[in-house]
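So the structure is just underneath, and the comments pick up after that.
Predicted model only: the values in this text are computed from it and were never measured. Indexing begins at 1, ligand by ligand and atom by atom, following the structure's order.
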Amino acid sequence: MIKLLVLNGPNLNLLGLREPKLYGTRSYDELCAMIRAHAERRGIAVEIVQTNHEGVMVDRIQEARGVFDGIVLNPAAYTHTSVALRDCLLAVGIPTVEVHLTDPASREPFRAVSYVRDACLATICGHGFDGYPEAMDLLLHTLTKC
Ligand code: DQA
């Protein structure tokens, strides 16, 4: 069975409360329920982790080696700052899809840069919650085609 880690960064636990005009009114728990339902539909195992701490994200990616087949990663604000996350993804080499609920490139200029983008298979931006099942399907397709 394919095992995916869904790793969400800072402030995503506040979905539903944070800037609802940008992120919508559905909660983080609703996002997790949607991800779990999709995993069940596809017959894959999923673990969902949210942390506000960059080092914990690095630890979880390192620990994913040999445990998870792929990662769905929304690094949130660390997207635009974290060389450590980028280095970690390049070190472990686990197929990873970067997801953002919004389209960061159409927001403030400082969001245009993603340090993780070219360490990932693909980036899905601006599809809201749907970006997560799309990323899971992309990984499933990539992991089962070889
Ligand atoms: C985000 C976009 C980031 O720029 C922002 O810092 C977030 C969420 C998104 O999902 O749209 O926290 O990753």
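- Remark: distances from the non-hydrogen atoms of Asn74 to ligand 1 include one below 4.0 Å.
- Taking 4.0 Å as the cut-off, Glu98 does not count as a neighbour of ligand 1 on heavy-atom distance.
- What you find for Val99 and Asn74 is that their closest heavy atoms are O-CG, 3.0 Å.
- Between Pro10 and Gln50, the shortest heavy-atom contact is CA-NE2, 4.1 Å.
- The parts of His100 lying near ligand 1 are both backbone and side chain, judged by heavy-atom distances below 4.0 Å.
- Cation-pi geometry between Arg18 and Tyr23 is met: the NZ or CZ atom falls under 6.0 Å from the ring centre, inside 45° of the normal.
- Between His100 and His80, the ring planes are parallel. Angles under 30° get that label, and only those over 60° would be called perpendicular.
- For atom 9 (C) of ligand 1, the nearest protein heavy atom (residue, atom name, distance) is Leu101 N, 3.4 Å.
- Given atom 11 (O) of ligand 1, the protein heavy atom at minimum distance is Thr102 OG1, 2.6 Å.
- No side-chain donor-acceptor contact under 3.5 Å links Gln62 to the backbone of Asp59.
- The heavy-atom pair separating Glu98 from Arg117 by the smallest distance is OE1-CA, 3.3 Å.
- Classification of Asp103 and Arg111 as a salt-bridged pair fails, no side-chain N sitting under 4.0 Å from a carboxylate O.
- Contacts of Leu22 with ligand 1, taken as heavy-atom pairs under 4.0 Å, are absent altogether.
- Listed by number with element, the atoms of ligand 1 under 4.0 Å from a non-hydrogen atom of Ala77 are 6 (O), 12 (O).
- Closest to atom 5 (C) of ligand 1 among all protein heavy atoms lies Arg111 NH1, 3.3 Å.
- Atoms of ligand 1 lying under 4.0 Å from any heavy atom of His80, numbered from 1 in the order shown and given with element: 3 (C), 4 (O).
- Here the protein heavy atom with the shortest distance to atom 7 (C) of ligand 1 is Tyr23 OH, 3.4 Å.
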